Amino acid sequence: MEIFIDSANLDEIRQAAESGVVDGVTTNPSLIAREGADFESTIREICRIVDGPVSAEVIATDYQGILEEARRIAALDERVVVKVPLIPEGVRAVATLSQEGIKTNLTLCFSVNQAIMAAKAGATYVSPFIGRLDDIGMDGVAVLEEIVEVFATYGFETKVLAASVRHPEHVRQAALVGADVVTIPFGVFRKLFSHPLTDQGLEKFLEDWHRARLEVKEGAGG
Ligand code: G3P
């Protein structure tokens, strides 16, 4: 499973990249707006920080507008993946962009049928938003699982990128159902490394070791 960081905050992305387990980054207009920095320079800097794919989203919602923006965004860096909303004009644009060899991520996916449209358009990734489905009382992981199953049935090449992750349990569940990628907010990402029993166990190891070393030293000293 590939792990992406869902952020446009350069400090978060630097810290995540240093962990040694991050494969890429996803951004969206809200994450970019939150940072208040220039869009293109932010995407270029993220590409300098992380070796893997970096998703950057268009703002246009019409076919021609999406195409023009997508080609401009794709030119920022060879590793940029153009994020396009999963609307009819977006799917149509992705079908064209796929023919041009531009990597795409159809986002704001909330159903199996939408995901099938993304795969038929040749999207590189499709992003089911599991957290937002949970937010309205649906089971986001169940939708994710069905998408993974349908993609496996037909051998679709589009990668299933679990998004809108709210907590470590979403990461575990996405892995269990076989998502290709999970994109994780930095705050959730940091929690993935920790367990209280690990901390307790390490403390005990070190305590026993140092006590034994002290006893040896005292013994030697007579
Ligand atoms: O960036 C796409 C997605 O992960 C955003 O999810 O629901 O946290 O805004 P959300």
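All ligand and atom numbering here is 1-based and tracks the order in the structure. What you see is a predicted model, and the numbers here were worked out from it, not measured in a lab.
In this structure, Thr107 contributes its side chain and Ser127 its backbone to no donor-acceptor pair below 3.5 Å. Under the 3.5 Å distance criterion, the side-chain polar atoms of Arg79 are matched with a main-chain donor or acceptor of Val50.
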Take Arg211 and Glu207 through the salt bridge (Lys or Arg N to Asp or Glu O under 4.0 Å) test and state the conclusion after the steps.
-> CA-CA 6 Å; Arg211 182 187 310 110; Glu207 185 185 288; 3.2 Å; yes

Between Glu12 and Arg190, is a salt bridge (Lys or Arg N to Asp or Glu O under 4.0 Å) present by the stated rule, with each step listed?
-> CA-CA 10 Å; Glu12 288 181 353; Arg190 283 187 305 188; over 6 Å; no

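Checked against Ser55 for a side-chain hydrogen bond (donor to acceptor under 3.5 Å, both in side chains), the options Asn28, Thr26, Asn105 give a single hit: Asn105.
When all heavy atoms of Val177 and Val148 are compared, the closest pair comes out as O-CG1, 3.2 Å.
If you look at ligand 1, the protein residues with a non-hydrogen atom under 4.0 Å away are Asp6, Asn28, Lys83, Phe129, Arg132, Ala163, Ser164, Arg166.
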